[in-house]
Amino acid sequence: PPPPPPATDKLPSIDVGAWLRAGIRFQNQTTDPKKLNDQGMDTVYGELHLSGKVHPKVSYTLNFNAAVHGSVNNSQTSTGISNTGTAGIMDAIIGLDPIDEFHLWSGHLLVPSDRANFSGPFFMIPWNYPGVYSVPGPTGAFAFVGPAEGPSGRNTGSTIWGDVGGKGQFKYYAGVFGLGNTADRPLFTGRLNFAAIGKEPGFYHSSTYYGDQDILAIGLGGQFQKNGSVAGTAVDDFSEVNADVLAEFKLGDSGVITGEGAYYHFGGDNDPAKDAFYLQGAFLTPDIGIGKLQPMVRYQWAKRDALKMSVVDAFVSLVVKGYTWRVTAGFQHTDMDNDVVGNAIQIGLQTIQF
């Protein structure tokens, strides 16, 4: 008989996913944001994910997103993105992946900075993205206190990264971004992530694993951009360092407890804050029928000179199936220097379909 045809490597098929978040907000957003006597759509936000390989060592990613924001003045409230009512390309990445310890990803991609950006709004317990200090209304105020990134936490550039040993315990990232605008100086950014307990393989992180594993992970990050701290005509160098920790442990059959914290220090003269931090705690109950309940509380604080900002979130989520299906409801209180204060009740729904 004729010899069998030579074996060929069959590349995986294209992976496709659709992600969606939708929320409503009860708040008087026109005259008195402290009152809860009005309501409106908070955010409808969706992502379409496409990825695959053209070679066993060469990957591609093409992700799109679209957002429709209601009466909330600043769209970063729940999605972490800064574009309002837009649709476009979120990620366009070519990845060279020769070994676990070394990858080179280039294009328009996530800026490696802190755990929050690696998790994104879909993979964290709070409904609202951290670092957003926003009070809507005619006398309202807004500040985003966090690392330099871009819309949806993305920017144009390249990142080298690696998973040392391929076990998801120690990962490093070093990138240069801001390359899509020749008028700007490059943004240099990096991060180290060490999982003392548990494993976090791959490029991204999560801010909860819903009891799938115990995790204790510590991260350190830093950024620098020449002339990157800008306010009007005032220009200074931008620098930022951050540290974060995630601890999540199963309590036998009694549930899962989660604690997370992060600290940020900014070196530019024109940044919204000099120092900022957040602390949060959550508890995931055992099954109650259709899912699990997860109450959580998060406190955020930022300061620059005499200006102080704080946000308190207190929410309860019904986690039907991990990240892929959850409903949340809760209260947010924002205080901008004891002068501009906002209260809001929010209800949100999230689904991820691969």
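Note that Arg21 lies in the cation-pi zone of Trp127, set by a 6.0 Å cut-off to the ring centre and a 45° limit from the axis.
Residues Pro286 and Ser254 share a closest heavy-atom pair of CD-O, 3.5 Å. Leu246 approaches Ser207 most closely through the heavy-atom pair CD1-O, 3.5 Å. Nearest heavy-atom pair, Ser206 versus Ser119, reported as atom, atom and distance to 0.1 Å: C-OG, 3.3 Å. The two atoms that bring Pro186 and Gln225 nearest to each other are O-CG, 3.5 Å, heavy atoms only.
Although no hydrogens or angles enter the test, the distance criterion places a donor-acceptor pair under 3.5 Å between the side chain of Asn117 and the main chain of Gly153. Counting only distance, with no hydrogens or angles, the side chain of Asn270 and the backbone of Ser229 share a donor-acceptor pair below 3.5 Å. Under a 3.5 Å cut-off, the side chain of Thr324 and the backbone N or O of Lys321 do form a donor-acceptor pair. Judged by distance alone, the side chain of Gln350 and the main-chain N or O of Phe122 form a donor-acceptor pair under 3.5 Å. A distance-only check finds no donor-acceptor pair linking the side chain of Ser59 to the backbone of Lys53 [under 3.5 Å]. The main-chain N or O of Tyr204 is found under 3.5 Å from a side-chain atom of Lys171 such that the two form a donor-acceptor pair. Looking at Gln300, its side chain never comes within 3.5 Å of a backbone N or O of Tyr278 through a donor-acceptor pair. Under the 3.5 Å distance criterion, the side-chain polar atoms of Thr285 are matched with a main-chain donor or acceptor of Leu293. The closest donor-acceptor contact from the side chain of Asp236 to the backbone of Asp269 lies under 3.5 Å.
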Q: Show your reasoning for whether side chain to side chain donor-acceptor pair (under 3.5 Å) applies to Thr61 and Asn63.
A: CA-CA 6 Å; Thr61 301; Asn63 298 332; 5.6 Å; no
Q: Go through the steps to decide whether Arg298 and Asp313 satisfy the test salt bridge (Lys or Arg N to Asp or Glu O under 4.0 Å), and finish with yes or no.
A: CA-CA 5 Å; Arg298 179 179 63 186; Asp313 293 282; 3.1 Å; yes
Q: Could you check Gln169 against Asp163 for side chain to side chain donor-acceptor pair (under 3.5 Å), going step by step and ending with a plain yes or no?
A: CA-CA 7 Å; Gln169 292 182 314; Asp163 180 352; over 6 Å; no
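In the displayed structure, Ile290 atom CD1 is contacted under 6.0 Å by at most 12 heavy atoms of other residues, nucleotides or ligands. Few gaps surround CH2 on Trp301; more than 12 heavy atoms of other groups in view lie less than 6.0 Å from it.
In this structure, CG in Leu36 is found 4.5 Å from CD1 in Ile345, a value given to the nearest 0.5 Å. In this structure, Asp244 CG and Ile218 CD1 are separated by 9.5 Å, a value rounded to the nearest 0.5 Å. Between atom CG of residue Leu179 and atom NE2 of residue His108 there is a gap of 11.5 Å, rounded to the nearest 0.5 Å. Between the CD1 atom of Ile93 and the CD1 atom of Ile89 there is a distance of 11.5 Å, given to the nearest 0.5 Å. Taking CG of Asp339 as the reference point, atom OG1 of Thr139 lies at 8.0 Å (rounded to 0.5 Å). Note that the CD atom of Gln294 and the OG1 atom of Thr258 stand 6.0 Å from one another [nearest 0.5 Å].
Within the structure, salt bridge (charged side-chain N to carboxylate O under 4.0 Å, His left out) pairs that include any residue of residues 197-220 comprise Arg115-Glu200 (at least two apart or interchain).
Salt bridge Lys57/Asp97: absent, no basic N to carboxylate O contact under 4.0 Å. In summary, Arg154 and Asp91 engage in a salt bridge, as defined by a charged side-chain N under 4.0 Å from a carboxylate O.
Checked against a 6.0 Å centroid threshold, the rings of Phe26 and Phe331 do not count as neighbours. Ring centroids of Phe188 and Phe177 are separated by 6.0 Å or more, keeping the two rings apart. Checked against the 6.0 Å centroid criterion, the rings of Phe123 and Tyr323 qualify as a close aromatic pair.
Relative ring orientation between Trp161 and Tyr173 is described as parallel, the plane-to-plane angle staying below 30° on a 0-90° scale split at 30° and 60°. Below 30°, between 30° and 60°, or above 60°: for Phe203 and Trp105 the angle between ring planes is below 30°, a parallel geometry.
Linking Ile, Leu, Val, Met, Phe, Trp and Tyr residues whenever their side-chain heavy atoms come within less than 4.5 Å leaves Ile160 and Phe224 in two separate clusters.
A donor-acceptor contact closer than 3.5 angstrom links the side chains of Asp114 and Tyr264.
Screening Ile197, Ile215, Leu284, Ile257 against Glu248 for a side-chain contact (heavy atoms from CB on, under 4.5 Å) leaves a single residue, Ile215.
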